[in-house]
Amino acid sequence: MKVTDLPIPEPLKKSYTTKGIEALYPPQEEAVRRGIFEGKNLLCAIPTASGKTIVAEMAMHRQVADGGKCLYIVPLRALATEKYDDFSGKGLSVGVATGDLDRRDAYLGRNDIVVATSEKVDSLLRNRAPWLAEITLLVVDECHLIGSEDRGATLEMVIAKLRHKNPEMQVIALSATVGNPGALAGWLDAELVTSEWRPVDLREGVYWQGAVHFEDHTRAVPAVSKDNDLNLCLDTVAEGGQCLVFVNSRRNAEAFAKRAASKLKLSDPTLDAAAERIEQGATTELGRTLARCVKGGAAFHHAGLAAAERREVEDGFRTGAIKVISSTPTLAAGLNLPARRVIVRDYLRFGQNGMARIPVGEYKQMAGRAGRPHLDPYGEAVLIAKRESDSEDLFETYIDALPEEVHSQCNAENALRSHILSLVATGFARSRTEVLGFMETTFYAYEHQGRRSTIQETVERVIDDLIAAEMVDELDEWLEGTEYGTLVSRLYIDPRTAEAVVDALRLRPAYADVGVLELLCETPDMLTLFLRKDDYEVVDRFLAERRDDLWTGVPYGYDDLEGFFQSVKTAMLLLNWAEEVTDEMICERFNVGPGDIHNKVETAVWLIHATSRLAHLFAPDLEKPIAELEIRVKHGIKRELLPLIRLRGIGRVRARRLFNAGLVTPEDLRTAGVGRLTPILGEKTAARVVAQAGGKVDEVPEPESVDDEPLAEGPGEHQTSLSAFGGTENE
DNA sequence: GATCATCCTCTCTAGACAGCATGTC
DNA sequence: CTAGAGAGGATGATC
């Protein structure tokens, strides 16, 4: 099937042909034959990198040509950006909507294609974005995530809500290969396309004692060092390929990259330049270690890295300069970064019940990263056997195994609570009957049809709970969200979080930063830090001083103590951040990376915001100090910098510099004038700041677009002296 | 006496979605 | 239902 013969708009054809895409891959042809251009629903369950995106893209262009509008749902922000770049510049207008990309969603609904994360779509539904009713084609990328325990229910509910809203809408679901594609397709009323076809040959094997054993042949691996994992890796590099190594902890990822770099010892100006950039931008030991690895041609990748460091690693690998990445699962499900050889070194991962095997589906996802189309002659995925008996076992349990089945997670009470609240609060369902009726349209109901299911009881119980929590009112048979419940739904927080916050607020506690932060760290919306052995003592010391400021009680039972200590530790990190402790110091104290600080801060800011909104309803006198804390945590500043942080172009570093120079308010800046501020801020920012503060400047410079993000400034050089781990608040 | 190989013990453990209000041809 | 890598210390061997 030739691209030129397809019923798709000219600009798209052109973009394909200029990229050398002349004909469709077999699974893509199949999708066309099954009627994607005739508006048929489709479930495409095929391996990674076999061209799923193009199937959806062609259908989207067809839809828009017929006057439609498309929504493309992805599971990750990074993927949203990747797809946005992918779809842009081919004749259609494209928008992105994720929690952190807020600038571009101003006219979101005007775009032909909107790319969004599932939670963002859910949030838009809850906040009643009108354009969602105009969607004529819904694309669900990574649709198998419906089965994910933590986020699957959200995806399922979003799909169900959108289909309910737009019954005529076409649905195209893209999925990895799963055990029960028929069930998913049945639920979606979709044609099913499955295939094992790949554009690059994939060979899966197991390494044992000096050789990789494939199904039909064996390939010896030269023993360059005493480490098997490293030998496998160097073998591929020697052959001119790149290598992706999946390990089960950050420490392992870092250790492997160090070993690989010291063996590779590449000398390449591109690598030197990248290492230099990382070194310059590094504020922590982690960054400096990464720079040293990159210089030698290897890198590690995990969520502790700063955003810029991550990008440097990904770009370096994409251009081919970096030969090896050792990674935690960040890269398994994330960006498209193929390599000639994928090594799955650790197939055990530490979970709630000790070490457990990773699922087959996850192995397949990692293995699928092997082989760069047009660049590698083949791809190799290699598991490492730790003992002889593993060797055969790994073939059976991973290589030849069928991926797991996907099952609805909508029966989980915690997930239901949040989603049923949103159904009622947005008016999707106005009675118990309507709620149950809606639940009948879910994948859960489809899977359990004809069988006795307990979901009705759960739904009834959840509704009772929501009524008891005063989030939902029941008048006669009608259900309605209360002002409180509607707010909770729109804030997108877990009802349990809201309840914990409101319970605390109703006690009219004296305001304390620790009180708010520790309370939020105890909620299910905040993931807490891991507790190390030495932490107990430090947290204990902190508590001895500050326990009276806490908004929650210290648990009596020994059982709850660990969770409580984890929350306190996490709150201590946030407190340090808002006390202007440097990144370096925080990373060292809490054993985290800059990326972790960013993540914790981002979540905290969202929850503090929600708390201030709830305070508006339940404890108005606390609203202002909480809103103030929100700004402080957002920017990582002490209270005294609040007046300065409001100016654009001033972040935590510059504000601190100004303050230490005796310039404390915008008024001070106006009086000081550009001349005096220039040595502190540089000429451009000085002029800009004075202009904002109301002073006279001959020439007001254009605001620099990139310079607006204060968090990008890095840590302050101002170091507060802190007596304890936690520091003191509000001096 | 400095340096390195080897063994033993102790410690620690992946990831990352979400608020909001705004306003133009 | 609970594993194993890495770090760091102790010991002993080697020059």
Side-chain angles (χ1 to χ4, degrees), chain A residues 73-80 97-110 116-127 145 148-155 158 226-227 229 246-256 258-259 301-305 307 310 326-334 345-358 362 384 386-387 418 422 487-494 497 524-527 529-535 591 593 595-596 598-614 627 630 634:
Chain A
I73 297 184
V74 292
L76 300 171
R77 291 171 179 180
L79 246 28
T98 69
D100 60 344
L101 263 53
D102 42 357
R103 274 290 184 276
R104 273 183 283 202
D105 68 7
Y107 316 107
L108 247 197
R110 291 198 179 179
T117 55
S118 31
E119 285 76 9
K120 185 64 186 188
V121 176
D122 196 16
S123 167
L124 289 165
L125 281 162
R126 293 173 183 217
N127 290 289
L145 288 175
S148 132
E149 258 180 60
D150 48 338
R151 294 169 60 201
T154 303
L155 181 57
V158 163
K226 60 180 173 33
D227 299 323
D229 48 7
F246 288 105
V247 298
N248 65 4
S249 77
R250 294 177 177 191
R251 190 172 63 175
N252 289 348
E254 288 166 31
F256 187 91
K258 281 187 210 166
R259 271 190 287 144
H301 194 284
H302 60 63
L305 293 182
R310 241 164 119 152
S326 52
S327 168
T328 59
T330 13
L331 279 186
R345 197 192 72 173
D346 303 336
Y347 48 86
L348 295 176
R349 187 180 302 142
F350 191 85
Q352 288 173 346
N353 306 312
M355 295 303 260
R357 285 182 155 238
I358 59 169
E362 200 171 324
I384 299 183
K386 308 260 184 322
R387 54 191 69 82
S418 171
S422 104
L487 181 62
V488 171
S489 164
R490 293 169 64 123
L491 289 170
Y492 212 78
I493 55 176
D494 190 307
T497 297
D525 280 317
M526 178 66 101
L527 286 186
L529 297 170
F530 194 88
L531 217 49
R532 294 151 82 209
K533 196 173 163 252
D534 298 341
D535 289 337
N591 187 35
D596 299 302
H598 179 87
N599 286 335
K600 291 282 171 290
V601 165
E602 192 178 38
T603 308
V605 169
W606 160 53
L607 292 175
I608 298 168
H609 172 81
T611 305
S612 78
R613 297 290 302 272
L614 289 168
E630 183 187 344
K634 183 169 186 176

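The basis for the numbers below is simple: all heavy atoms, side chains too, and nothing from hydrogens, waters or symmetry mates. Chain A is the first sequence line, chain B the second, and so forth, proteins listed ahead of strands; every chain is numbered from 1.
Whole-Å rounding puts the A:Leu331 CG to B:dA16 P distance at 10 Å. One can place CZ of A:Phe246 at 12 Å from C1' of B:dA14, the figure rounded to the nearest angstrom. One atom, CZ of A:Phe350, and another, C1' of B:dT11, lie 11 Å apart when rounded to the nearest Å. In this structure, the CZ atom of A:Arg110 is 14 Å from the P atom of B:dG23, given to the nearest Å. The CD-C1' distance, from A:Gln352 to C:dC1, rounds to 13 Å in whole Å.
The two residues A:Met526 and A:Lys600 come nearest to each other via the heavy atoms CE-O, 3.9 Å.
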What pairs of nitrogen or oxygen atoms, one from the protein and one from nucleotides 6-8 of chain C, lie under 3.5 Å apart?
from	atom 1	to	atom 2	distance (Å)
C:dG6	OP1	A:Arg259	NH2	3.4

Are there any protein N/O atoms within less than 3.5 Å of an N/O atom in nucleotides 4-7 of chain B, and if so, which ones and at what distance?
none

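Using a 4.0 Å heavy-atom cutoff across all strands shown, A:Asn248 reaches sugar-phosphate atoms only and no base atom.
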Query raised in the report: Under the side-chain hydrogen bond (donor to acceptor under 3.5 Å, both in side chains) criterion, do A:Thr154 and A:Asp122 qualify, and how do the steps go?
Result: CA-CA 7 Å; A:Thr154 303; A:Asp122 196 16; 5.0 Å; no

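When the C1' atom is compared between B:dA14 and C:dA3, the two are found 16 Å apart, to the nearest whole Å. One P atom belongs to B:dC17, the other to C:dT2, and the distance between them is 33 Å to the nearest Å.
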Query raised in the report: Reading DNA chain B 5' to 3', what string of ( ), [ ], | and . shows its pairs, if Watson-Crick and G-U wobble pairs count only when both distances fall under 3.5 Å?
Result: |||||||||||||............

